[in-house]
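Letters A, B, ... are given to chains in the order of the sequence lines, protein chains preceding strands, and every chain is numbered from 1. Because only heavy atoms are used, hydrogens play no part in the values below, and waters and symmetry mates are left out as well, while side chains stay in.
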Amino acid sequence: MELASKYNPTEVEAKWYQYWLDHHLFSSRPDAREPYTVVIPPPNVTGVLHMGHMLNETIQDILVRRARMEGKNACWVPGTDHASIATEAKVVARLAAQGIRKTDLTREEFLRHAWQWTEEHGGIILKQLRRVGASCDWDRTAFTMDEERSRSVIKVFVDLYNKGLIYRGVRMVNWDPKAQTALSDEEVVYKEEHTQLYYMKYYVAEDDGTGATGEEGEVIHQDGRGRYAVVATTRPETIMGDVAMCINPADPKNHWLRGKKVIVPLVGRVIPVIEDGYVDIEFGTGCLKVTPAHDVNDYMLGEKYNLPVIDIFNPDATLSEAAGMYVGQDRFDVRRQIAKDLQEAGLMEKVEAYDNKIGCSERTGVPIEPKLSMQWFLKMQHFADLALPPVMNDEIRFYPAKYKNTYRHWLENIKDWCISRQLWWGHRIPAYYLPTGGFVVAETVEEALSLARAKTGNEALTLADLRQDEDALDTWFSSWLWPISLFRGITDPDNADFKYYYPTSDLVTGPDIIFFWVARMIMAGYEFTGKMPFRNVYFTGIVRDKLGRKMSKSLGNSPDPLELIDRYGADGVRMGMMLCAPAGNDILFDETLCEQGRNFCNKIWNAFRLVRGWQTADAPQPETARIAAGWFAARLRRSAADVADMYRKYRLSDALMEVYRLFWDEFSGWYLEMVKPEYGQPVDRTTLGQTIAFFDALLHLLHPFMPFITEELWQHLCERRDGESIMVSPQDIPAPAGTDARLLAEMETVKSVIAGVRAVRNAKNIPPRTALELQAVGTDPVAAYAGVIAKMANVSRIQVVDAKDKGASAFLVGTQEFAVPLGNLIDVDEEIRKAQAELERLEGFLKGVNKKLGNERFVAGAPAAVVELERKKQHDAETKIATLRETLAALRG
RNA sequence: GGGCACUUAGCUCAGUUGGUUCAGAGCGUCUGCCUUACAAGCAGAGGGUCGGGGGUUCGAAUCCCUCAGUGCCCACCA
């Protein structure tokens, strides 16, 4: 079969993925081997693959495949997340497009639509993962809202409620007016915005003119209408909720306002002036309007001073009846309107531009509204106490470790978690309200009923008397159980899978969900299993474009991973991702990296074409090939050891780069060229066998990064039988041997000699076909490698000479001088210039070394080995300088 | 406003506890090659006073201080 000179990934990839599936090569069952478990960070069920996934899944696949090849029982569990808010928003939008309002539907009707949506769009991303090569155990595919996961969530809720860790109460929460639900603190993101600061006049009510003491610093505003205080706010639309004005008791400017009452502008309500140290004297005028219903701090003041609460907003952030004005209008329209009205009424002192940070909903993007409401909360201090120590003492390791700080800071300032959402798409809170007031919490409605009967003493209660809480749980309240619930560890903790696979091994995720997910999984792990959920956490970077901008739909700077795979092959794209992905660093993705990956595939492909094309003959192995094989075996052992070390440190980019260079430079560039027979000549069986063994080892090293091409070539290379696969044919590359270091060092010298000759060739424009002679001055330290040098540099003979030819171009390898006789081809002036420059450099270097050695404190203070090294540097430099001087003298002579 | 990182070749990054021959890699750049595995390639070359300044040390890219810049996280100044 003739092989094309270019690797074509498309067919190969489809073929092998199907082969892997057909032979259940990703499936895992508990056995005697050491388990290696990874749970996928479940993508949104209706999501599509983007570059962030591409990176994340590639890393997981590399780790999983590596573990599998090491002989571990690797199990990578895939699944999707129901993504409560995001999915519900999409369903609501679709319904709206059909002219259906959510509020016109019953819960059951809405959920039918949601499930329908999920079935239509769900799981697309899991199919896409196959294109990437992800070696997930698809039989274990789970969904955060499937039956098992739902049972786990409900069981855990009941358990925590019974432990007294879940409570219900009215608190100030983050309200998303678009999704019309409460959010946790973590779901609020702060955005810098250019806004206005409005300075409004609050006239003193029934002003009798008292209060002014004329003391230093006192600031009294007054106009024809009387005396007034000025309050600066970014939210003038909330004045209808004002119930007090607050000044700092230590603020002389506003002393005169003590004990007074002021009039809310436009509204006309008379409110008291209170005093509290909370108020920042420097901000604005030092007067703060207090709106307990719509600001967390104001709420705190309200509690402290027993102020009334006037909630002026409807759930969609339009003004409510309670506002009394602008009723039904949107908060931002009201802001514009009220600014105008204040202006016209002469109640606006001034308006200034102001940069402010606005809390916005992570999901819908709209500014959140602090709102008092009845919600369910999880007490977090208990969990923080559980989850902090294992990370700080490295029982659970973070890569990179810098995230330990972030983690600690969050846990040390933990607040209770608002877990209820006013949504339908999610796990419904298993609380049941009684007709007589109060509620019970139970896993099933039947249990709830018996609890209710016991609680009320009323045996006549029926299911119809119980009303289940309308709220759903925060999505993360199911995600935090993921590593446990995937193995049914909540509902059936004694099952064999759970005992075998849990704790999982590595978690790969982005640092953006360290609080949402990672921290909470650790909490859940210790709370419900008494064990860590995973041993290591690998935090990926955020994928940015080459200009450093975060990839996003709106910027249009995010390539479609599948399109990239079409163009460069999955292996090419995987490599492109990994080339720029050191752990924890943001990765600046550039499509040319995929090109590099594709080129590498091609390089591997062509190296294979070369080897495959060789005919064999019964012949003794040439000396050059024997040397090459001995050297490359050592080179391979060293790289394999280095790569293993990099895996241990999760330095996957470095590991890939090491294998890349090993294959391209050392194997293809040096080894294959050394053993390659003359065109049309056969190769001896020993060399062919060794070469295939090396190739096999290289494919094994490459496989985790580039699964498709390696499987394809491995089949050709080893003539595998059906059902076999490179991924389950572990190959142990021996540990480096004692003699390796010498072997490697000698070959480096040989390479330098070859490079030296080639450089001469290049400089003089001598074609590769023209054989050259080589002289070694005095002695030849690499005489044993003469055959290699002859072949690689096209050198006809190597002579040891006392003095090199007059017309020779010389170069130094270490302290050893070599020369290529060129007859009249040599450019004397150029040679002199070159030698002179080198001499000057060396003299400067020697001066530095001498200075160091001349320093008594260095000789006395530094370790003997270091001093010895300096002496060697000195000696070598002197030797080289002497050689160069001779060369120069000869050239000039 | 607090905290944590980072600043090394044109670009992206290594550089382990301060000490192996003027600081390394990949990509890009330049020069020469279509040499029957590969031009998605081969051979060679150039490129950095390790952000600025100060200090500790026999010795600093590496430790300390300081200044400047960048990024991220957290925070209730309206």
Side-chain angles (χ1 to χ4, degrees), chain A residues 3 5-7 190 197 231-235 238 246 278-280 282-284 287-291 295-300 354 356-357 359 370 400 402-406 409-410 413 511-512 514-515 542 546 548 568 572 579-580 582 584-588 590 592-593 595-596 598-614 649 651 653-654 657-658 660-661 668-669 672-673 676 679-680 755 758-763 765 767-769 794 814-815 841-842 844-845 848-849 852 855-863 865-870 872-874 876-877 880:
Chain A
L3 292 179
S5 71
K6 287 185 171 48
Y7 170 61
Y190 289 87
L197 194 54
V231 174
T233 182
T234 54
R235 303 204 58 193
T238 61
C246 190
Y278 161 74
V279 177
D280 183 348
E282 301 305 319
F283 188 90
C287 296
L288 173 75
K289 68 193 231 20
V290 183
T291 320
D295 183 280
V296 209
N297 302 301
D298 291 13
Y299 179 67
M300 177 270 291
Y354 185 68
N356 199 10
K357 287 219 169 161
K402 66 177 175 184
Y403 288 110
K404 283 165 73 175
N405 284 323
T406 311
H409 184 261
W410 188 70
N413 295 279
D512 50 331
I514 185 170
F515 309 135
I542 291 166
K546 61 181 166 185
Y568 301 104
L579 282 173
C580 57
N585 278 16
D586 278 1
I587 78 161
L588 300 184
D590 186 339
T592 60
L593 293 165
E595 219 171 284
Q596 196 184 341
R598 179 202 60 185
N599 293 355
F600 186 43
C601 288
N602 209 240
K603 186 72 189 177
I604 300 168
W605 180 256
N606 278 294
F608 173 74
R609 284 211 307 148
L610 172 69
V611 174
R612 201 184 100 115
W614 285 343
K649 294 172 178 158
R651 300 182 61 146
S653 295
D654 292 344
M657 186 50 70
E658 176 66 27
Y660 174 77
R661 287 162 60 194
S668 301
L672 287 179
E673 293 297 333
K676 188 159 106 178
Y679 179 66
R758 285 171 174 174
V760 170
R761 206 182 267 287
N762 239 291
N765 254 317
R769 286 174 198 275
N794 193 12
T815 56
R841 189 189 65 74
L842 275 169
F845 174 70
V849 174
K852 221 173 191 181
N855 183 340
E856 275 175 39
R857 289 201 291 173
F858 170 70
V859 180
V866 174
V867 177
E868 200 42 53
L869 192 71
E870 288 304 312
K872 178 149 167 42
K873 284 187 200 173
Q874 180 187 44
D876 288 354
K880 289 183 196 176

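- Look at A/Asp876 and A/Lys880 and you find no salt bridge, because none of the NZ, NE, NH1 or NH2 atoms lies under 4.0 Å from a carboxylate O.
- At B/C27, one or more side-chain N or O atoms of A/Tyr660 fall inside 4.0 Å of OP1 or OP2 (strictly under the cut-off).
- Here B/G32 is the nucleotide among B/A5, B/G32, B/A40 with the atom lying nearest to any side-chain atom of A/Asn765.
- Taking 4.0 angstrom as the limit, A/Tyr354 places a side-chain polar atom (N or O) nearer than this to OP1 or OP2 of B/A78.
- Nearest nucleotide to the side chain of A/Arg598, out of B/C76, B/A40, B/A78: B/A40.
- With rounding to whole Å, A/Glu658 atom CD is found 20 Å from B/C13 atom P.
- A donor and an acceptor atom never sit less than 3.5 Å apart when one is taken from the side chain of A/Lys873 and the other from the base of B/U20.
- Checking B/C76, B/C74, B/G26 against the side-chain heavy atoms of A/Lys357 singles out B/C74 as nearest.
- Taking only side-chain nitrogens and oxygens, A/Lys676 comes nearer than 4.0 Å to OP1 or OP2 of B/A37.
- Counting atom types as modelled, A/Arg841 pairs a side-chain N or O with a base atom of B/C22 as donor and acceptor under 3.5 Å.
- Rounded to whole Å, the separation between the P atoms of B/U8 and B/U16 comes to 15 Å.
- When rounded to the nearest whole Å, the span between CG of A/Asp280 and P of B/G1 equals 13 Å.
- The separation of B/U57 from B/U62, taken at their P atoms, amounts to 16 Å, rounded to a whole angstrom.
- Distances from the side chain of A/Met657 to the nucleotides B/A78, B/A25, B/C27 place B/A25 closest.
- Per the geometry, CZ belonging to A/Phe845 stands 8 Å off P belonging to B/U21, to the nearest Å.
- If you take CG of A/Asn855 and P of B/U57, they are 13 Å apart, rounded to a whole angstrom.
- Here the side chain of A/Arg651 is nearest to one of B/G15, B/A75, B/A78, namely B/G15.
- Between A/Arg761 atom CZ and B/U35 atom P there is a gap of 15 Å when expressed in whole angstrom units.
- In this structure, the CD atom of A/Glu673 is 9 Å from the C1' atom of B/A37, given to the nearest Å.
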Can you check each nucleotide of nucleotides 41-47 of chain B against protein heavy atoms at under 4.0 Å and return B for base, S for sugar-phosphate only, - for none, in 5' to 3' order?
-> SSBS---
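- For A/Leu588, taking side-chain heavy atoms from C-beta onward, the closest of the listed nucleotides B/C77, B/A75, B/U12 is B/U12.
- Between A/Arg761 and A/Asn794 the shortest side-chain heavy-atom distance falls below 4.5 Å.
- Going from atom OH of A/Tyr403 over to atom P of B/C74 covers 12 Å, rounded to whole Å.
- Distance from the side chain of A/Arg857 is smallest for B/C58 among the nucleotides B/C58, B/A40, B/U21.
- Across every strand in view, B/A5 sits in a pair with B/U70 that passes the Watson-Crick or G-U test at under 3.5 angstrom.
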